[in-house]
Protein chains: 2
Amino acid sequence: MTKPPTRIQQRNRAAILSAGLDVFSQYGFRGATLDQIAEAAGLSKPNLLYYFASKEAIHAALLERLLETWLDPLKALDGAGDPIAEIMGYAQRKLALSRDYPRESRLWANEILQGAPRIEDILRTDLKALVDKKAQIIKAWADDGRIADVDPHHLIFSIWALTQHYADFDVQVRAVLGDKAPYDGASVFLDALYEKLLQP
Amino acid sequence: MTKPPTRIQQRNRAAILSAGLDVFSQYGFRGATLDQIAEAAGLSKPNLLYYFASKEAIHAALLERLLETWLDPLKALDGAGDPIAEIMGYAQRKLALSRDYPRESRLWANEILQGAPRIEDILRTDLKALVDKKAQIIKAWADDGRIADVDPHHLIFSIWALTQHYADFDVQVRAVLGDKAPYDGASVFLDALYEKLLQP
DNA sequence: CGTTGTTTTGACCAGTTGGTCAAATGCAAG
DNA sequence: CTTGCATTTGACCAACTGGTCAAAACAACG
């Protein structure tokens, strides 16, 4: 039987994961170094490796944690709800995720950019299955004339693209916007966009 | 006066830039190695460095070339044209760029993800100025009631996000779509989206 | 052909990388 | 306060990193 983690273990594992998230999300797996992560976590490198077996292990732990939270908002899209409100709600939830968890968004982006070597299987199976299921719901809404007839897959892609852009391209968005805060305007824009797009 | 490049120089410099684009666009600056680039270019590492002074120099040459072509489509947005056609045309041009130059799109994405250390100045000056100028045109159209009243900056962001998504997240898009080709559906979807969004 | 400039290469280097290990330190329960 | 386990560390390693250099191979032109 596995022993319960001590307080020190909890604290240090959490510090490592947070530091790893910082570094991996900015530099990608290859570009990140254990020394960077160790420094960010306030630990020595051998001490890092006391808590995680390898660089891979830290990265894997982060990806696993990410997968859970990342797909949840889509899972919550409810076929029994009001179509337009459901889709707009999903977009807003995803936007909030970008605002509140930008590092996670960038970790995902980096992983996909590098060809998703570690999660391609999951994309092809779990993610595809989930998206296909929700796409069917959306298609049914369109067939019933409750929303406009748009390609459900590309509709979902559009929500991902539009919301993650604000996290992944944060520095560009802020450079262009100057002082203005991005997320309020983005939220308003998204609402208007999907309202008009989906009106039957 | 500088001598004209020999045929060998042209060929090898081109091979190096193409190889560098492959590697940098996938792994980012830090994650890319000269050995990788040399191998992809079919040259030895010292031979690489005969043509480019350093890793930085290859990357800088790529970024410079990218900046030109990357901002062109937006520059072509014409205040004298038909508003909705102009904006839809820009979106389509940008989508074609994603389709035809996905490596360039990913190079850009990687650079921004890593905090844009090498181009932040340009974002703050050139890019911001260009976007502000075009945003004014769009705002004028909205003020004249020729298009719906949407935030011009977020409208431009939406075009960037929606089009670049297909290049940057290519592997995810294809994993979810299965066999279906992404770009035809994307093109139709974009047209419908901006048509409906912008209708006054 | 020989000479001159261009291109390519093998050997090398110092710094960094992910990772190991034995020994030292800290700590909590009896 | 001691015993046993959890934690931390310094020293170390082999592989890889970006980069250098002198010498070799090649190309071109008279």
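Throughout, protein chains are lettered first and strands after them, A, B, ... in sequence-line order, and every chain is numbered starting at 1.
The phosphate of D:dT8 (OP1 or OP2) has a side-chain N or O of A:Asn12 nearer than 4.0 angstrom. Contact annotation: A:Ser44 side-chain N/O to D:dT8 OP1/OP2 distance is not under 4.0 Å. Within the structure, a side-chain polar atom (N or O) of A:Gln9 is placed less than 4.0 Å from OP1 or OP2 of D:dT7.
For the pair A:Arg99 and A:Tyr166, the cation-pi test (distance below 6.0 Å, angle within 45°) is failed. Figure legend: cation-pi geometry between A:Arg30 and B:Tyr27, with NZ or CZ positioned under 6.0 Å from the six-membered ring centre and within 45° of its axis.
A:Leu113 and B:Phe169 are members of different hydrophobic clusters when ILVMFWY side chains are connected at heavy-atom separations under 4.5 Å. When the side chains of ILVMFWY residues are joined at heavy-atom separations under 4.5 Å, either directly or via intervening members, B:Ile8 and B:Tyr50 end up in a single hydrophobic cluster.
Relative to the side chain of B:Ile8, the nucleotides C:dT8, D:dA28, D:dT7 differ in distance, and C:dT8 lies closest. Comparing C:dT7, D:dT20, D:dG10 by their nearest atom to the side chain of B:Pro46 picks out D:dT20.
Within the nucleic acid shown, A:Phe52 has no heavy atom closer than 4.0 Å to any nucleic acid atom.
A salt bridge links A:Glu56 with A:Arg118; the closest basic N to acidic carboxylate O contact falls under 4.0 Å.
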Distances for protein N/O vs nucleotides 13-18 of chain C N/O pairs under 3.5 angstrom?
from, atom 1, to, atom 2, distance (Å)
C:dT17, OP1, B:Arg30, NH2, 3.4
C:dG18, OP1, A:Ala32, O, 3.2
C:dG18, OP1, A:Leu34, N, 3.4
C:dG18, OP1, A:Lys55, NZ, 3.1
C:dG18, OP2, A:Leu34, N, 2.7
C:dG18, N7, A:Lys45, NZ, 2.8

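Put simply, CG on A:Leu48 is 12 Å from C1' on D:dT8, counting in whole angstrom units. Going from atom CG of B:Leu43 over to atom P of C:dT9 covers 8 Å, rounded to whole Å. Regarding B:Arg13, its CZ atom lies at a distance of 11 Å from the P atom of C:dT7, rounded to whole Å. The nearest whole Å value for the distance from the CZ atom in B:Phe24 to the C1' atom in D:dG18 is 11 Å. Spacing between atom CD1 of B:Ile37 and atom P of D:dC16 amounts to 17 Å, rounded to whole angstrom units. For B:Tyr50 and D:dA23, the OH to C1' distance is 15 Å, given to the nearest whole Å. When the C1' atom of C:dA23 is taken as reference, atom CG of A:Asn47 falls 15 Å away, rounded to whole Å.
Near DNA chain C, defined here as any heavy-atom distance below 4.0 Å, there are no residues from residues 107-116 of chain A.
Residues A:Ser25 and A:Asn110 share a closest heavy-atom pair of O-ND2, 2.9 Å.
Checked by atom type, the side-chain pair B:His165/B:Asp170 shows no donor-acceptor distance below 3.5 Å. A:Trp160 and B:Gln172 form no side-chain donor-acceptor contact under 3.5 Å, judged by distance and modelled atom types alone.
The aromatic rings of A:His59 and A:Phe24 stand perpendicular to each other, their planes meeting at an angle above 60°, with 30° marking the opposite boundary.
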